[in-house]
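For reference, positions follow the sequence shown, starting with 1. Hydrogens, waters and symmetry mates are skipped; everything else that's a heavy atom, side chains included, is used.
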Amino acid sequence: MSDQVKKPIQITETILRDAHQSLIATRMPTELMLPILDKMDKVGYHSIECWGGATFDASLRFLKEDPWDRLRKIKDGCPNTPLQMLFRGQNILGYRPYADDVVDYFVEKSIANGIDIIRIFDCLNDLRNLQRAVTATNNYKKKEGRGHAQVALSYTLGDAYTLEYWTKMAKNIEEMGADSICIKDMAGLLVPYKASELIKAMKEVTKLPIQLHTHYTSGVAGMTYLKAVEAGVDVIDCAISPFAMGTSQPATEVMVETFRGTEYDTGYDQNLLAEIADYFRPYRDECLANGLLNPKVMGVDIKTLLYQVPGGMLSNMVSQLKEQNAEDKYYDVLKEIPEVRKDLGEPPLVTPSSQIVGTQAVFNVLMGERYKMATKETKAVLRGEYGQTVKPMNQEVIDKVIPGEKRITCRPADLLENELDKLEAEMKEWKQQDEDVLSYALFPQVATDFFKYRQAQQEKVDLTHADTKNGAYPV
């Protein structure tokens, strides 16, 4: 190894976000994370992904936790390791486009509360929907010296997604002012030799660091990482072993061992990683015992490669068919998905486009006539409300579903007026911190329910303190 040029591969650890989002529906509570942070902070990770994606919604809705409080506590526990989040472009962490002032404020507060790297993606790879978040991150960095804008390309397959497409996107991302690029392979579609080809091609056109994110769903992810690293990728996303594999990421310890003694050696301490794995293992066993972790998501689903459908989308489709007593239509729907995707301009299948295409395919099959009934989301895609697709949409479908309606050709957020002041006025009775308005902006009803719960808990604590002062014992 002495005569080799060292190029250590860097790893982003996903256990605190995508690993548990993929395997146990984002249900890991903050209190479980805190005791292990000190050890995680000593590993030397490139970053720890711990926020964004579905964590925000799940914290408020299911765990009755303040996501901002979680972020601050993780930052306190990991002072030396950059923290990373996943950000849905103009949709932030919600399911609709937000006005620019909300995007700006969310970026500002995310970094102020502890986020270092913001990974920004758009379900259509429409860069216009990413520019504002990139600019907001750069503006904050100029002012405060912190913040890194990473633009993630949602990886997918199809006629439009050629090497030329990906390299052109990489050049455009550099021009946007991003700090790095992520290839976000949410369905595990990127196979080893294609990864090698893709990384090499992108490295020829951009100087930006390139990170690769994939899922083990189709069973090839570890091999894909190996070829990507050999081709020059800078960072890979991994999960500590108790919450790795299946619909999650390859295991951190396995990838560390793979590159040990080579020019790509991470230098991470396997004994320290083993301690972190030992910490999470009992929780994994508990999740298996209580049904939160379904053994089905731990296996390999080769259908992902055959039908190019992410695992989460497949399970969603199965439950929709079950509800309609139409499970026998499973393969008909699988055949219909690529047709609907083509009609809608061949978007990548990632939240929310995957749900939109999958649900419409189910409707088409159950109705026995294509687009006899279209969901409001399908109509929104056809109108251009989500942005521009890579290929043109099917004009016949447009004429059938939204006849005579005007279509949007500009950036959808250009049609939105600033909304922060209005949102602030709506929720001011609940406001205890500046960030509360952002929780409300993203999930008005869920956040309001949480604010009520928080207030009730605080009143309970106040009552207990009053009783204790009066010489009574709290029950």
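- For residues 223-237, the side-chain hydrogen bond (donor to acceptor under 3.5 Å, both in side chains) pairs, not counting sequence neighbours, are R119-D237, K203-D234, Q211-D237, H213-D237, K227-E230.
- When the ring-ring contact (aromatic ring centres under 6.0 Å, His included) test is applied to F121, no partner is found at least two apart in sequence or on another chain.
- Considering only residues two or more places apart in sequence or on other chains, Y165 meets the ring-ring contact (aromatic ring centres under 6.0 Å, His included) condition with Y161.
- Under the side-chain hydrogen bond (donor to acceptor under 3.5 Å, both in side chains) criterion, T81 pairs with D41, sequence neighbours left out.
- By the side-chain contact (heavy atoms from CB on, under 4.5 Å) test, N139 is found to be paired with T135, K142, residues two or more places apart in sequence or in another chain being considered.
- Residue pairs meeting the salt bridge (charged side-chain N to carboxylate O under 4.0 Å, His left out) criterion with at least one partner in residues 9-22, sequence neighbours excluded, are R17-E49.
- Partners of E336 according to the side-chain contact (heavy atoms from CB on, under 4.5 Å) rule, which considers only residues two or more places apart in sequence or in another chain, are E339, V340, A361, N364, V365, R370.
- With sequence neighbours excluded, the residues forming a side-chain contact (heavy atoms from CB on, under 4.5 Å) with K379 are A374, R383, V401, I402, listed by chain and number.
- For E435, the side-chain hydrogen bond (donor to acceptor under 3.5 Å, both in side chains) criterion is met by N113, not counting sequence neighbours.
- A search for side-chain contact (heavy atoms from CB on, under 4.5 Å) contacts involving A251 returns S241, A244, E253, V254, not counting sequence neighbours.
- Qualifying side-chain hydrogen bond (donor to acceptor under 3.5 Å, both in side chains) partners for S180, counting only residues two or more places apart in sequence or in other chains: H148, Q150.
- Among residues two or more places apart in sequence or in another chain, the side-chain hydrogen bond (donor to acceptor under 3.5 Å, both in side chains) test is passed with K296 by none.
- Aromatic ring centres of W51 and F87: separated by at least 6.0 Å.
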